[in-house]
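Note sheet for the following structure.
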Amino acid sequence: MDKEIITESLRRALESWVRHASAEQLWSVLQAGGLGASIDVEGDAVHVRVDLGGPPNPLSELGRTDGRLPVTEAFLGESAIWGKPPPQGDETREQWFLASELAQQHARQYLIAEVGEKRELLSRFVEGWMAG
């Protein structure tokens with residue numbers, strides 16, 4: 001099976017996961033990363049399942065911001081639409097994120113963009129899978 005085909009399948013699976021992740025899952029990824037994936041190839045069919053948690057791997061740091069919000073926070077943080085988030089490290093910040101659909105939407109956009117930009121990281125994950 002071709003590495004590029006598997007890498008593209010991984011990219012699509014990650015994007016799908018981000019689109020369908022719960023608010024809690026998004027928060028977890030922003031806090032600590034932790035994404036992983038399992039790959040199964042049957043003939044010409046590639047099946048990729050994205051997981052949250054598991055052993056460290058090249059995907060583990062994908063999306064990790066230590067709870068900082070994507071760059072859009074700088075532009076929208078004072079806006080009445082966004083609502084000013086609690087300070088970084090404040091225990092109410094998670095509750096604010098979980099209640100803010102706009103914050104979740106921006107987190108999804110950020111994660112999908114990061115998946116697209118970090119093609120080499122996806123490629124390293126696939127190389128590791130192919131080697132072992």
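Keep in mind it's a predicted model, so treat the numbers as computed, not measured.
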Please find the pair of heavy atoms, one from [X] and one from [Y], that lie closest to each other, and give the distance.
| X | Y | result |
| --- | --- | --- |
| Leu62 | Glu114 | C-OE1, 3.6 Å |
| Leu111 | Gly63 | CD2-CA, 3.2 Å |
| Pro55 | Ser60 | O-OG, 3.9 Å |
| Asn57 | Gly36 | ND2-CA, 3.7 Å |

Identify all side-chain donor-acceptor contacts of residues 40-49 below 3.5 Å with residues at least two apart in sequence or on another chain.
| from | atom 1 | to | atom 2 | distance (Å) |
| --- | --- | --- | --- | --- |
| Arg49 | NE | Asp51 | OD1 | 2.9 |
| Arg49 | NH2 | Asp51 | OD1 | 2.7 |
| Arg49 | NH2 | Asp51 | OD2 | 3.2 |

Discussion item. For a 4.5 angstrom cut-off between non-hydrogen side-chain atoms, does Leu59 reach Val50?
Written reply: no
Worksheet item: So, do Val29 and Val18 sit near enough that their side-chain heavy atoms are less than 4.5 Å apart?
Response: no
Listing, residues 122-130 side-chain donor-acceptor contacts under 3.5 Å, not counting sequence neighbours, or none:
| from | atom 1 | to | atom 2 | distance (Å) |
| --- | --- | --- | --- | --- |
| Ser123 | OG | Lys3 | NZ | 2.8 |
| Glu127 | OE2 | Lys3 | NZ | 2.4 |
| Trp129 | NE1 | Ile39 | O | 3.4 |

Sidechain-backbone polar pair: [X] side chain, [Y] backbone, donor-acceptor under 3.5 Å:
| X | Y | value |
| --- | --- | --- |
| Arg119 | Arg11 | no |
| Gln104 | Ala23 | no |
| Gln95 | Thr92 | no |
| Ser28 | Glu24 | no |

Practice prompt. Check the pair Asp90 / Trp96 against side-chain contact (heavy atoms from CB on, under 4.5 Å), numbers first and verdict last.
Written response: CA-CA 10 Å; Asp90 188 309; Trp96 170 85; over 6 Å; no
Pairwise distance [atom1]([X]) to [atom2]([Y]) - rounded to 0.5 angstrom:
| X | Y | atom1 | atom2 | result |
| --- | --- | --- | --- | --- |
| Arg93 | Leu30 | CZ | CG | 10.0 Å |
| Gln31 | Leu26 | CD | CG | 12.0 Å |
| Arg12 | Leu14 | CZ | CG | 11.5 Å |

Worksheet item: Should we count CD of Glu101 as having more than 12 external heavy atoms under 6.0 Å?
Response: no
